[in-house]
Number of protein chains: 2
Amino acid sequence: MSPVDRPVLPLVGAPRAERADAVRNRRQLLATAREMLAEQGVDKLTMDALAERACLGKGTVYRRFGTRAGIFVALIEDDEQIFQERLLSGPPPLGPGAPPLDRLIAYGQARVAFMIEHREIVRAAIDGRQAVPAGTEMSLSRMHIRMLLRQIPLGAADLDILAIQLSAALEGPFLLYLSATDIADDALHTQERAARGWHDLIQRTCRP
Amino acid sequence: MSPVDRPVLPLVGAPRAERADAVRNRRQLLATAREMLAEQGVDKLTMDALAERACLGKGTVYRRFGTRAGIFVALIEDDEQIFQERLLSGPPPLGPGAPPLDRLIAYGQARVAFMIEHREIVRAAIDGRQAVPAGTEMSLSRMHIRMLLRQIPLGAADLDILAIQLSAALEGPFLLYLSATDIADDALHTQERAARGWHDLIQRTCRP
DNA sequence: AGCATAAGCGGACTTTACCCCGCTTGTTAT
DNA sequence: ATAACAAGCGGGGTAAAGTCCGCTTATGCT
């Protein structure tokens, strides 16, 4: 077991490390969920079916993920790690090095692409009770935007609110597209238009 | 039966007027739903309980509203009518007469107040599948915003996208508040902060 | 008035998310 | 090692959303 998986010194305040069998089961469930998703689509991924196919009890699924939406959130978080690494240490303008305004614009465009690519899973994650608005990914988006905003001279502005507004404005067109479209022919078109819209909005908002 | 309830000449393209018994049942169900909501809260408003208390079959409830969330959407639309009248013919700056920029700012602030006042129902309406993003109320919000934007000189901008972005930015802080807060002590504070944030965002976005 | 028919109705039935709680197992301190 | 105990597990049980389909009734036409 690598040091990455289990730090020698656990973070203070962290609830408690997961037991080895719990980690194994989580991985097993996530992998099985991906299989089922690829083979049969979102609807057929029921809690019973997942448990049975993973040769585990239903109770275990709930212990690991809390709710059905929790599974999808976990899947997205998994994929998001790569995305986050690009933010933190990838090449500019997404990664550090470019001027903050350029990074902000690049961020939105990358984010739109990411969401559209993972639209099926995101859609499923939304269906559960307030899973997404309070969820990890959205607040990550907000935190990143706020971090960049801080580096841009904006006069006296409530950066927390502005970050919330901008991240909502970023997701908004995407959510609309999700709920309006069942077949995804125009995914590319939507993506381009949303990306351009984001670019314009940031220009408007952040000019001196 | 008044002409308002049943126009003499039905609109072309309208699917078909509801039958008299259907109208009666819809009203009955909506009224009963409001009672139950006031007495027992959102959770106790189940489809079975509603049907039984309204002395109707469950099938009828589904025929009228489609889904559980549909009931809440219907309730909100009911309340929204008053709000809409204020927009269309009330006093400025919300109603017509004031400069469009002022109207836009006033709109957001009134909308925040409306949402916070109806937070319980809105929350319940959100829980159903894509009920809200594609729902009537949100698109009304968007249409109103777009209508006002058209009257403001903004250079070459994609007004459709901008309207989507701004309406999302308007709802965003509110949704966040919904999912983060269970008890509503700070409703007033949230409302003020969101209202101020909206004011600032519009100023930034719409300045020449 | 009488008829044809589409709309509406009811409630049993199915499916599925989520809860519960007694049993098992990994972990840690002695 | 081993004991003590918290964490994890399993799967039967429950409640509630949503579906189905045969029966009833309003409505519009003749």
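- Per the geometry, CZ belonging to B:Arg68 stands 18 Å off C1' belonging to C:dT15, to the nearest Å.
- Between B:Thr60 and C:dG8 there is no side-chain N or O to OP1 or OP2 distance below 4.0 Å.
- Rounding to whole angstrom units, CG of residue A:Asp21 and C1' of D:dG10 are separated by 13 Å.
- Among residues two or more places apart in sequence or in another chain, the side chain to side chain contact (heavy atoms under 4.5 Å, CB included) test is passed with B:Ile161 by A:Arg193, B:Asp158, B:Gln165.
- The closest side-chain heavy-atom distance from A:Leu154 to A:Leu162 is below 4.5 Å.
- Between the P atom of C:dT28 and the CD atom of A:Glu18 lies a distance of 14 Å, rounded to the nearest Å.
- Look at CZ on A:Arg26: it is 15 Å from P on D:dA7, rounded to the nearest Å.
- In this structure, A:Arg103 has no salt bridge (Lys or Arg N to Asp or Glu O under 4.0 Å) partners at least two apart in sequence or on a different chain.
- Residues passing the ring pair (Phe, Tyr, Trp, His ring centres under 6.0 Å) test with A:Phe65: none are found, sequence neighbours excluded.
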Do nucleotides 19-24 of chain C as a string where each nucleotide becomes B, S or -: B if the base has a protein heavy atom under 4.0 Å, S if just the sugar-phosphate does, - if no protein is that close. ------

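- If you check D:dA26, C:dC18, C:dG26 against the side chain of A:Ala20, the one that comes closest is C:dG26.
- When the side chain to side chain contact (heavy atoms under 4.5 Å, CB included) test is applied to B:Glu52, no partner is found at least two apart in sequence or on another chain.
- A:Ile164 meets the side chain to side chain contact (heavy atoms under 4.5 Å, CB included) test with A:Arg142, B:Pro173, B:Leu176; sequence neighbours excluded.
- Taking atom CD on B:Gln28 and atom P on C:dG10, their separation rounds to 11 Å, with Å as the unit.
- We find that CG of A:Leu56 is positioned 17 Å from C1' of D:dG12, with the value rounded to whole Å.
- For DNA chain C, the neighbouring residues in residues 45-55 of chain A, judged by any heavy atom under 4.0 Å, are A:Thr46, A:Met47.
- B:Ala49 is linked by a side chain to side chain contact (heavy atoms under 4.5 Å, CB included) to B:Met36, B:Thr46, counting only residues two or more places apart in sequence or in another chain.
- Applying the ring pair (Phe, Tyr, Trp, His ring centres under 6.0 Å) rule to B:Phe83 yields the partners B:Phe114; only residues at least two apart in sequence or on another chain are considered.
- A salt bridge links A:Glu35 and A:Arg53; the closest N-O separation between the charged side-chain nitrogens and carboxylate oxygens is under 4.0 Å.
- In this structure, of C:dG10, C:dG26, C:dG8, it is C:dG8 that holds the atom nearest to the side chain of B:Arg64.
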